[in-house]
Number of protein chains: 2
Amino acid sequence: MNKTHTYSYARPALTVDCVVFGYEEEALKVLLIQRNIEPFKGGWALPGGFVRVEETLEEAAIRELKEETAVENIYLEQLYSFGALQRDPRERVVTVAYYALVKLSEHKAQGGTDAADARWFPLEALPKLAFDHKQIIEVAFKRLQAKVRYEPVGFELLPKRFLFSAIEHLYETILQRKIDRRNFRKKMLSMGIIKQLEEQEENVAHRKGHYYSFDKKEYEKMIKKGFSFEI
Amino acid sequence: MNKTHTYSYARPALTVDCVVFGYEEEALKVLLIQRNIEPFKGGWALPGGFVRVEETLEEAAIRELKEETAVENIYLEQLYSFGALQRDPRERVVTVAYYALVKLSEHKAQGGTDAADARWFPLEALPKLAFDHKQIIEVAFKRLQAKVRYEPVGFELLPKRFLFSAIEHLYETILQRKIDRRNFRKKMLSMGIIKQLEEQEENVAHRKGHYYSFDKKEYEKMIKKGFSFEI
DNA sequence: CCAAAAGTGTTCACGGTACACCCATGC
DNA sequence: GCATGGGTGTACCGTGAACACTTTTGG
């Protein structure tokens, strides 16, 4: 397929880029790929690529994620579109950025078919990034900080069953401040959207913690009744 | 300039569209233009157009607004990017939508150089709209409803000096619910970001109301100190 | 017995909410 | 004097925030 495409006016190229967040060892991580083509060959960048004319923006984001990082079935939401003139040194490129949340514990697989390498980096220790991707990650992180307070998206970063302390630490990590354990537990449990499971921690050198899970069904039922999540 | 532009892969066209809100006679209005070319010729649509390769997205939005509606110097913010496959019947077009807030009282001028006509329509009585513009307006309105609660953007819709009751009605209109006058006044004034002016209403068949103005300088000072607006 | 994390209640202050009457003005 | 909208205060309740000790377990 060597067909070329001709238009009466110059068109900016259109791409999607994805900021994929994961949570592991009480740290927020971002999935990056090592570029195997110029520009910034060998450098780290957000997974992403050109939008095809026969796919929607979201479809493009999902496809690129799958091709480059083998990540699938995750929380995905549009973030912002970036259109600075010199954000790509080759030519004018506008990118629609998405951010995604993955249950890292259930997505160990890394590196898709296209990228040289895909790796998780702590948000606190990112490598030098290609294009304006550092700025995009900053915007994504701010969005995550805001979102986590009024929508239960934090659970997208945790395994299906988790210790209560895991949500607590997750919130401390994302909001970057200490949280009062008693008040947090009181508030979170009072909303009635997470349920305690039978199972408990095993083989720990301290009192066993209960496992919990997010009750998405119940949450959606409550939303319909006018409930609004808030932390 | 009859140059054509050729690319190895097909590119979606890229446009910007603007949802411009105004407030008049206690109603929210949206600025629409009547299209003078196909498709939807003669129909109403959001002001907008193609993004040129030498301008940023925001510059494109500002330019289109000026050309089509003669609106300038307004609050403008990116809303969302829409990329459904069939949103434009001609070909694949992705649009980056912006929303804007104007002081309608100071922007009576209508109709720019490009559009056949530009008119303000009450949000409650929009005509049939071209493309997916109805959906875009809905998203914009939801954003406005959310935004007005945690940022003082409502003042962008009011004249520089306004009666206190004007903000009150503005909030009732946007949030679509009754607001308690005493509580609202207490809260709004307690934030210290609007100041009472000397002038009062004239020639009204009731007690004269004071004029107020939004103190943007003070607001920005307070923001730096960690203050956050909330209604 | 020690270290480590889980789990648990109470008090206080502040802010949100509900609520109704008088004031000034023009006609 | 009447219609119209402007302007004002209080009481109650619920929620957010501060705060420390006991429990369980493995080593």
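What's counted below: heavy atoms across the whole structure, side chains too, no hydrogens, waters or symmetry copies. The model shown is predicted, which means the values in this text are computed figures rather than measured ones. In what follows, chains are A, B, ... by sequence order, proteins preceding strands, each numbered from 1.
Mapping B/His206 and A/Glu202 onto DNA chain D by nearest heavy atom places B/His206 at the nucleotide closer to the 5' end. Each of A/Ala205 and A/Gln200 was matched to the nucleotide of DNA chain C holding its nearest heavy atom; the match closer to the 5' end belongs to A/Ala205. Map B/Asn203 and A/Ala166 each onto its nearest nucleotide of DNA chain C; the residue landing nearer the 5' end is A/Ala166.
Between A/Lys178 atom NZ and D/dA18 atom P there is a gap of 14 Å when expressed in whole angstrom units. Rounded to whole Å, the distance from CG on B/Asp180 to P on D/dA11 is 17 Å. In this structure, B/Glu168 atom CD and D/dT8 atom P are separated by 13 Å, rounded to whole Å. If you take CZ of B/Phe184 and P of D/dG5, they are 18 Å apart, rounded to a whole angstrom. Rounded to an integer number of Å, the gap from B/Met188 CE to D/dG7 C1' is 16 Å. Atom NE2 in B/His169 sits roughly 13 Å away from atom C1' in D/dG7 (whole-Å rounding). For the pair B/Met191 CE and C/dG15 C1', the computed distance is 13 Å after rounding to whole Å. Here C/dA6 presents its P atom at 9 Å from CZ of A/Arg185, a figure rounded to the nearest Å.
Applying the 4.0 Å criterion to OP1 and OP2 of D/dT15, one finds that A/Lys187 has every side-chain N and O outside that range. Between B/His210 and D/dG6 there is no side-chain polar atom (N or O) within less than 4.0 angstrom of OP1 or OP2. Between B/Ser165 and D/dG6 there is a side-chain N or O to OP1 or OP2 distance below 4.0 Å.
No hydrogens or angles were tested; on distance alone, nothing pairs the side chain of A/Lys208 with the base of D/dT23 as donor and acceptor under 3.5 Å. A/Lys186 contributes no side-chain N or O that forms a donor-acceptor pair with the base of D/dT15 under 3.5 Å. For a distance-only test at 3.5 Å, the side chain of B/Arg182 fails to qualify as a donor-acceptor partner of the base of C/dA18.
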Take A/Glu58 and A/Tyr98 through the side chain to side chain donor-acceptor pair (under 3.5 Å) test and state the conclusion after the steps. CA-CA 8 Å; A/Glu58 185 167 316; A/Tyr98 280 77; 5.0 Å; no
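Between B/Phe184 and B/Tyr171, the distance from one ring center to the other falls under 6.0 angstrom.
Other residues, nucleotides and ligands contribute more than 12 heavy atoms inside 6.0 Å of the CZ atom of A/Arg63.
A/Thr95 contributes a side-chain N or O that, together with a main-chain N or O of A/Thr15, makes up a donor-acceptor pair within less than 3.5 Å.
Judged by distance alone, the side chains of B/Glu199 and B/Tyr211 never bring a donor and an acceptor atom under 3.5 Å apart.
Comparing C/dT17, C/dA6, C/dG9 by their closest approach to the side chain of A/Asn183 singles out C/dG9.
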